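This structure is a prediction, so every number in the text was calculated from the model and none was measured. Just so we're on the same page: letters track the sequence lines, and every chain starts at 1.
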There are 2 protein chains.
Amino acid sequence: MFSAFHQIVEQFVKLEAQEKRILEQAFTFKRVPKKYKLTSKGEVANELFFINKGLVRLYYTKGEDEITGFIFKENLFASSYDSFLRRVPSLQTLETLEACELLVITYQKLEELYVALPKINVLTRKVAEQRFINGQQILSSFLLESPEERYRRFEVQHRDLLQRVPQNMIASFLGITPVSLSRIRKRMQQPWSP
Amino acid sequence: MFSAFHQIVEQFVKLEAQEKRILEQAFTFKRVPKKYKLTSKGEVANELFFINKGLVRLYYTKGEDEITGFIFKENLFASSYDSFLRRVPSLQTLETLEACELLVITYQKLEELYVALPKINVLTRKVAEQRFINGQQILSSFLLESPEERYRRFEVQHRDLLQRVPQNMIASFLGITPVSLSRIRKRMQQPWSP
DNA sequence: AAGGATGCTTAACAAAAGATAAGAAATCAA
DNA sequence: TTGATTTCTTATCTTTTGTTAAGCATCCTT
């Protein structure tokens, strides 16, 4: 149940068996169905999730529309991180796209963990750095690439998600409308000159 | 020389006078002219900068063009953070827009600091979190807002930079061309119906 | 002060994306 | 299975942005 978790954590910080136990005990295991809201817009995110199995989508709500901000897959830490860290109402919603198996830690438990196991500062620092770097890459793709190029990149980097996530969610993640993505895909199928 | 620095650091972590001295000694003071490259594309960023005075621009190079990724002002930690953290050649260039007064720490000194003063993990974790949250806000503005709306937001959030930064750099930071930004500004001056 | 570079605006045209709507296809649930 | 959603595609029209080029203004350097 914690094997993948420890494997990921190990990349960031080395822990003794004893320390691993303390870490484990701060988390709880949770199974949730598809379309389950882990964090809702307007509420303070009180939990941080490690995804053992399944997919989680982070999205913004703009009027009627849902705009996908990120898709978390297995072995990632998912959260409305801004809300979780700053203790402010979330602008984002976190919702499962598939039935999920999760390891969950509350904000309070994490604070206790910092005291009991200061090494965890290193872990969370590196997780924060990872997420920063990741966000950086996405941001730079908005600055440097066209929607079509962003979609091509998505195809190679997340081929698996193409099968598991509806296209309209991918479209909004790329900053375009579903209609526009459909056109781009068509354009790409026909690589001859006009 | 370190007064603003300590004030900022204090927001993140409380330090004893003794610890502050250790922290100070890890940094060096540096004055650099306008247009000075702090980090160049293709090189591993070896330094992290705290800006006492001046402006620093981070940009990507795409063919002939420079695309602004961020503008750092006083009291911020500036760096090609991705390169600095991962020890890989930078995709970004860090260049002053004005003559600057900086506090500089090298990667190695920082590593030593982690050992000498483990609390610094808390500091850098919080700085990483800050930058993540900041990047998150910028990214969400690309997903949720039009170029015009992004410019309006920039106007209110960084009114000071409008005076200090050329418009073409602001344009690329907003993900549009200088021509397009010029049109948007014109549109905004004339808020009557066509 | 002169000359050159840099930055800003404007115009004209091309290319792409948004909005809306309609229909086909796939998925889901009773 | 059937009926109802949801999802994807396609078409049309509008709006916006990109591209290129030209003209000014401003700033900087010599």
Side-chain angles (χ1 to χ4, degrees), chain A residues 33-36 55 57 59-60 62-68 71 95-99 141-155 161-194, chain B residues 33-36 55 57 59-68 71 95-99 141-152 154-155 161-194:
Chain A
K34 194 173 170 173
K35 288 222 173 191
Y36 183 86
L55 278 186
R57 176 174 67 121
Y59 64 84
Y60 299 88
K62 190 185 183 186
E64 301 296 279
D65 301 333
E66 296 174 353
I67 313 282
T68 300
I71 296 163
E95 188 179 306
T96 59
L97 281 174
E98 302 173 349
S141 79
F142 274 89
L143 292 173
L144 300 172
E145 298 174 348
S146 67
E148 176 164 338
E149 288 168 322
R150 285 203 295 284
Y151 178 67
R152 286 182 191 279
R153 171 189 299 281
F154 186 93
E155 261 190 327
L161 294 185
L162 290 179
Q163 317 305 325
R164 297 165 76 184
V165 181
Q167 258 176 50
N168 63 57
M169 295 181 187
I170 295 174
S172 67
F173 177 61
L174 297 174
I176 57 179
T177 60
V179 177
S180 192
L181 178 55
S182 183
R183 280 191 290 234
I184 286 170
R185 284 162 52 84
K186 186 172 188 186
R187 231 184 284 154
M188 285 169 55
Q189 287 166 18
Q190 309 167 341
W192 15 266
S193 57
Chain B
K34 195 174 171 172
K35 288 222 173 192
Y36 183 86
L55 277 187
R57 176 173 67 121
Y59 64 85
Y60 299 88
T61 312
K62 191 184 180 184
E64 303 294 280
D65 301 333
E66 297 175 353
I67 314 281
T68 301
I71 295 162
E95 188 178 306
T96 59
L97 281 174
E98 303 173 348
S141 79
F142 273 89
L143 292 173
L144 300 171
E145 297 174 349
S146 66
E148 175 164 339
E149 288 167 324
R150 284 203 295 284
Y151 178 66
R152 287 181 191 279
F154 186 93
E155 262 190 325
L161 294 185
L162 289 179
Q163 318 305 326
R164 297 164 78 183
V165 181
Q167 258 175 51
N168 63 58
M169 296 181 187
I170 295 174
S172 67
F173 177 61
L174 298 174
I176 57 179
T177 60
V179 177
S180 192
L181 178 55
S182 183
R183 281 191 291 232
I184 286 170
R185 284 162 51 85
K186 186 173 188 185
R187 233 183 285 155
M188 285 169 55
Q189 287 166 18
Q190 309 167 340
W192 15 266
S193 56

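A/S182 comes within 4.0 angstrom of a nucleotide base, judged by non-hydrogen atoms across all strands. In this structure, B/P178 reaches neither bases nor backbone, as no heavy-atom distance under 4.0 Å exists between it and the strands shown.
Here A/T177 reaches the OP1 or OP2 of C/dG18: one of its side-chain N or O atoms lies under 4.0 Å away. Applying the 4.0 Å criterion to OP1 and OP2 of D/dT6, one finds that A/Q167 has every side-chain N and O outside that range. Dashed line: the shortest gap from a side-chain N or O of B/N168 to OP1 or OP2 of C/dC8 is under 4.0 Å. Considering only side-chain N and O atoms, A/R187 lies under 4.0 angstrom from the phosphate OP1 or OP2 of C/dA17. At the phosphate of D/dT9, OP1 or OP2 sits under 4.0 Å from a side-chain N or O atom of A/R185.
Distance CG (B/L143) to C1' (C/dG18): 16 Å, rounded to an integer number of Å. Taking atom CG of residue A/D65 and atom C1' of nucleotide D/dT6, one finds them 15 Å apart after rounding to whole Å. Counting to the nearest Å, the C1' atom of C/dA16 and the CD atom of A/E145 are 17 Å from each other. Between the P atom of C/dC28 and the CG atom of A/L97 lies a distance of 12 Å, rounded to the nearest Å. The nearest whole Å value for the distance from the CD atom in B/E64 to the P atom in C/dA5 is 16 Å. Between the NZ atom of A/K186 and the P atom of D/dC8 there is a distance of 17 Å, given to the nearest Å. Here C/dA16 presents its P atom at 15 Å from CG of A/L181, a figure rounded to the nearest Å. Between A/K35 atom NZ and D/dT6 atom P there is a gap of 7 Å when expressed in whole angstrom units.
The side chain of B/R183 approaches D/dT19 more closely than any other nucleotide in the set C/dA19, D/dT19, C/dG7.
Side chains of A/L97 and A/V165 form a contact here, defined as non-hydrogen atoms less than 4.5 Å apart.
Map A/V179 and B/V179 each onto its nearest nucleotide of DNA chain C; the residue landing nearer the 5' end is B/V179. The nearest heavy atom of DNA chain D to B/K34 and to B/E148 marks one nucleotide each, and the one closer to the 5' end goes with B/E148.
Between atom CG of residue B/L174 and atom CZ of residue B/R152 there is a gap of 13.0 Å, rounded to the nearest 0.5 Å.
Applying the 6.0 Å contact sphere to NZ of A/K62 captures more than 12 heavy atoms from other residues, nucleotides or ligands.
Cation-pi contact between A/R150 and A/F142: present, with separation from the ring centre below 6.0 Å and deviation from the ring axis of at most 45°.
Neither side chain, B/Y36 nor B/E95, offers a donor N or O lying under 3.5 Å from an acceptor on the other.
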